[in-house]
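Report on the following structure.
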Protein chains: 2
Amino acid sequence: MASSAFELAEFLPYRIAVLSERISRRLSLIYGAEAGITVAEWRVMVHLARCREVSVREIHNCVNLDKPRVSRAVSRLTEAGLVAKTGSATDQRLLSISLTEEGQGLLARILPPARAYERRLLQALSPEEQATLSTIMEKLHQVMDTDPDARPRSRLDLPRDAAE
Amino acid sequence: MASSAFELAEFLPYRIAVLSERISRRLSLIYGAEAGITVAEWRVMVHLARCREVSVREIHNCVNLDKPRVSRAVSRLTEAGLVAKTGSATDQRLLSISLTEEGQGLLARILPPARAYERRLLQALSPEEQATLSTIMEKLHQVMDTDPDARPRSRLDLPRDAAE
DNA sequence: TGACATTTGTTGCATTTGCAACGATACCAG
DNA sequence: CTGGTATCGTTGCAAATGCAACAAATGTCA
């Protein structure tokens, strides 16, 4: 009974969720206003900017979206002319997905304000705090890495070594 | 073109979202397995444990869920017998929502493992890191507090003073 | 009092989500 | 080869979500 002073507002998972939702929602104004881009589409496009030609599965493994979500995001982007789907020559099952000229143009307009907003967030933190935040997030991930019931982390979300 | 080395995996909003989703999903196994409770229902119940009798609007303002979501969560919980809805006597518009005996019982079973999981996460961090994490999250919130385009923060998510 | 604005909770509706099942292609063992 | 298995992308479907519209109750001000 004494343990009943449970404060949701102090519960770590809740606090992280609230912060995350708030930031995501604010950020989606940036890429949602410029074009009717959703979070899934945003992630797909950003990933394509780095990995020129990838399959659905690659994207799925890299940007924390399940397969159907990637598939539908790619379909919408293809309809919008922002992305090109080509069947791979070597493996008929695979798709080769890439940004079109238009997609690159859109991303070029969206990326700067998105980065600016990230900078705005980071500037509120001291360099030490920024470093500590990375450490903390990595440690929390590691707790879940050793937890068989937690969903595995995607390869790209593992910490970067210096030698990359 | 030189600015194209944009790494989604290093983008702060993305990193926070991934961590948050991973934790939320893991946590939902705890209160999802015990009873078919969703995140919204979980938040409503936890809030009710603290504030005995509240309206939909109160909950909506406190636990970061929009009104329809609260309304439907309360309906589901009422159907399940975990929550009681009574019309307020003084103001016919308001509802007086509270946990039933059964709801209290369920919460009593769910809360300990949920807190245990939080502890497991926190134990991965040093006391200094825990304090820094709070500082960091508060600073990020403050950036958005001064941003007219960001969604306002709910009252209960403001930092606690010592005098509480 | 009576017209008008506000607040409260609910509902409609289009969209998104998550999971499982599915056809199609590629791989592999005998 | 050939039958079985694994992988890839898509689709079905039930549930959840977000936003706006809504009816009912209250407040306000002439």
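First the proteins, then the strands, lettered A, B, ... as listed; each starts at 1. Quick note: numbers below take in every heavy atom, side chains included, and nothing from hydrogens, waters or symmetry partners.
- Taking atom CG of A/Asn64 as the reference point, atom P of C/dG18 lies 11 Å away to the nearest angstrom.
- Inspection of the A/Tyr117 and B/Asp147 side chains reveals an N or O donor paired with an N or O acceptor under 3.5 Å.
- One interatomic measurement links the two molecules: CG of B/Leu77 to P of C/dT10, which rounds to 12 Å at whole-angstrom precision.
- Rounded to whole Å, atom P of C/dT10 lies 14 Å from atom CD of B/Gln92.
- The nearest heavy atom of DNA chain C to A/Val39 and to B/Ser55 marks one nucleotide each, and the one closer to the 5' end goes with B/Ser55.
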Could you write out each protein N or O paired with an N or O of nucleotides 10-16 of chain D at a distance under 3.5 Å?
residue, atom, partner, partner atom, Å
D/dT10, OP1, A/Lys85, NZ, 3.0
D/dT10, OP2, A/Ser71, OG, 2.5
D/dT10, O5', A/Ser71, OG, 3.3
D/dG12, O6, A/Arg72, NH2, 2.7

Checklist entry - Can B/Met45 and B/Leu48 be said to form a side chain to side chain contact (heavy atoms under 4.5 Å, CB included), step by step? => result CA-CA 5 Å; B/Met45 290 190 70; B/Leu48 287 178; 5.6 Å; no
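- B/His60 has its NE2 atom 11 Å from the P atom of D/dC19, to the nearest Å.
- Separating the CD atom of B/Glu58 from the C1' atom of C/dT7 is a distance of 14 Å, rounded to the nearest angstrom.
- With hydrogens and angles left out, the side-chain atoms of A/Glu128 and A/Ser126 include a donor and acceptor closer than 3.5 Å.
- Counting only distance, with no hydrogens or angles, the side chain of B/Ser154 and the backbone of B/Asn64 share no donor-acceptor pair below 3.5 Å.
- We find that CG of B/Leu29 is positioned 14 Å from C1' of C/dG18, with the value rounded to whole Å.
- Atoms CH2 and CG, from B/Trp42 and B/Leu111 in turn, are 5.0 Å apart once rounded to the nearest 0.5 Å.
- Of the candidates C/dT25, C/dT8, D/dC19, C/dT8 carries the atom nearest the B/Leu94 side chain, counting heavy atoms from C-beta on.
- Of the possible polar contacts, none joining the B/Ser71 side chain to the B/Lys67 backbone as a donor-acceptor pair under 3.5 Å is found.
- Annotation: of the two residues near DNA chain D, A/Ile97 and B/Asp91, the 5′-most nearest-nucleotide partner is A/Ile97.
- The side chain of A/Arg151 contributes no N or O atom lying less than 4.0 Å from OP1 or OP2 of C/dG18.
- Between the CD atom of B/Glu21 and the CZ atom of A/Arg151 there is a distance of 9.5 Å, given to the nearest 0.5 Å.
- Applying the 4.0 Å criterion to OP1 and OP2 of D/dG9, one finds that A/Arg93 has every side-chain N and O outside that range.
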